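Input: a single structure, listed below in structure tokens.
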Amino acid sequence: MAIRLGDIAPDFSAETTAGPIQFHEWLGSSWGVLFSHPKDFTPVCTTELGAVAKLKGEFDKRGVKVIGLSVDPVSDHVRWVGDIEETQGTALNFPLIGDADRKISTLYDMIHPNANDTLTVRSVFVIGPDKKVKLSITYPASTGRNFDEILRVIDSLQLTAKHSVATPVNWQHGQDVIIVPSVSDEDAKTKFPGGWKTIKPYLRVVPQPK
Ligand code: BEZ
């Protein structure tokens, strides 16, 4: 069964390039990103893992642990890591799960047989400190992901988890946000004492809360 937003991210044990883990225990109280890639020693995946390694500091700043997965064994991941470092100019600095028995990819519905019946698609799950799934996206094997976008979404998720706001189209950290419709103007006066701009009664714009 598909994993939906708000579901508890299923727990699992796994072998990884950083040793065995129990997923929930590994996450601890952090946010998490679990993402699959189709196969080791493939070009797009090589660029993606290099990009995530370069963004590790940005994930750390946001209190997010990142972990990758493919249906290759850890022994293949370990051999591939050298290629990532050589071609992408960065060492792999986060764990990769080896899921040769497809236990975890099946649990997370990462194999879409009508796309490919053996390889994982490019799934991304963002998981909150409550272990609930906050975002899931699926890309085909042929399209590398934009991990800056994943960071942008995490900024929105973390902000909207704390404040009664939503973020508009193409929003970037620091830009104005929207007061959620469930907050009345009366309540908004307390929550946003600096005031807001009403464009329509349902479209109220406010500077990003600190
Ligand atoms: C790639 O990472 O380049 C790739 C993997 C599987 C299918 C197509 C491309």
Side-chain angles (χ1 to χ4, degrees), residues 1-5 7 9-10 12-21 23 26-27 31-60 62 64-127 133-155 157:
M1 178 141 139
I3 296 171
R4 295 178 175 173
L5 302 191
D7 290 355
F12 55 81
S13 54
E15 294 301 321
T16 83
T17 49
I21 62 157
F23 186 51
W26 177 81
L27 282 170
W31 287 71
V33 172
L34 168 66
F35 70 99
S36 56
H37 63 270
K39 194 155 183 53
D40 293 359
F41 301 103
T42 51
V44 177
C45 298
T46 302
T47 61
E48 282 193 328
L49 295 198
V52 174
K54 284 180 186 154
L55 289 174
K56 173 80 166 29
E58 292 298 319
F59 286 107
D60 288 347
R62 292 162 174 80
V64 182
K65 290 186 171 178
V66 182
I67 193 160
L69 173 151
S70 79
V71 292
D72 301 296
V74 167
S75 54
D76 281 6
H77 293 341
V78 169
R79 284 194 299 121
W80 183 35
V81 158
D83 291 357
I84 295 169
E85 184 160 1
E86 180 191 326
T87 62
Q88 306 305 304
T90 182
L92 197 79
N93 49 13
F94 59 91
L96 284 185
I97 296 169
D99 189 37
D101 62 3
R102 303 187 205 166
K103 184 185 73 179
I104 303 158
S105 16
T106 303
L107 189 62
Y108 275 78
D109 200 24
M110 290 166 165
I111 296 176
H112 296 195
N114 291 327
N116 187 301
D117 56 7
T118 53
L119 305 180
T120 38
V121 290
R122 298 187 196 279
S123 298
V124 184
F125 294 92
V126 177
I127 297 157
V133 175
K134 307 296 182 187
L135 171 90
S136 75
I137 348 181
T138 307
Y139 289 62
S142 52
T143 305
R145 286 158 285 200
N146 180 338
F147 283 91
D148 290 324
E149 166 64 2
I150 307 300
L151 285 169
R152 190 192 73 87
V153 177
I154 289 169
D155 284 342
L157 290 170

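Order of appearance sets the numbers: ligands from 1, and atoms from 1 within every ligand. Residues: numbered from 1 along the sequence shown. It should be emphasised that the depicted structure is a prediction, and the values quoted were computed from it without experimental measurement.
- Ion pairing between a basic and an acidic side chain is recognised when a charged N comes within 4.0 Å of a carboxylate O; Asp155 and Arg152 show no such pairing.
- Judged as a ring-ring contact (aromatic ring centres under 6.0 Å, His included), and not counting sequence neighbours, Phe59 has no contacts.
- The main-chain N or O of Gly89 is never found under 3.5 Å from a side-chain atom of Lys54 such that the two would form a donor-acceptor pair.
- Within the structure, every pair that satisfies the salt bridge (charged side-chain N to carboxylate O under 4.0 Å, His left out) test and touches residues 32-51, not counting sequence neighbours, is listed here: Lys39-Asp72, Glu48-Arg122, Glu48-Arg145.
- Under the side-chain contact (heavy atoms from CB on, under 4.5 Å) test applied with Pro38, the options Thr118, Ile111, Leu119 reduce to a single match, Leu119.
- The ring-ring contact (aromatic ring centres under 6.0 Å, His included) search around His37 returns Trp80, not counting sequence neighbours.
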For ligand 1, list every N/O pair with the protein closer than 3.5 Å, one pair per line with the distance.
| from | atom 1 | to | atom 2 | distance (Å) |
| --- | --- | --- | --- | --- |
| ligand 1 | 2 (O) | Thr42 | OG1 | 2.9 |
| ligand 1 | 2 (O) | Val44 | N | 3.2 |
| ligand 1 | 2 (O) | Cys45 | N | 2.8 |
| ligand 1 | 2 (O) | Arg122 | NH2 | 3.1 |
| ligand 1 | 3 (O) | Pro43 | N | 3.3 |
| ligand 1 | 3 (O) | Val44 | N | 2.7 |

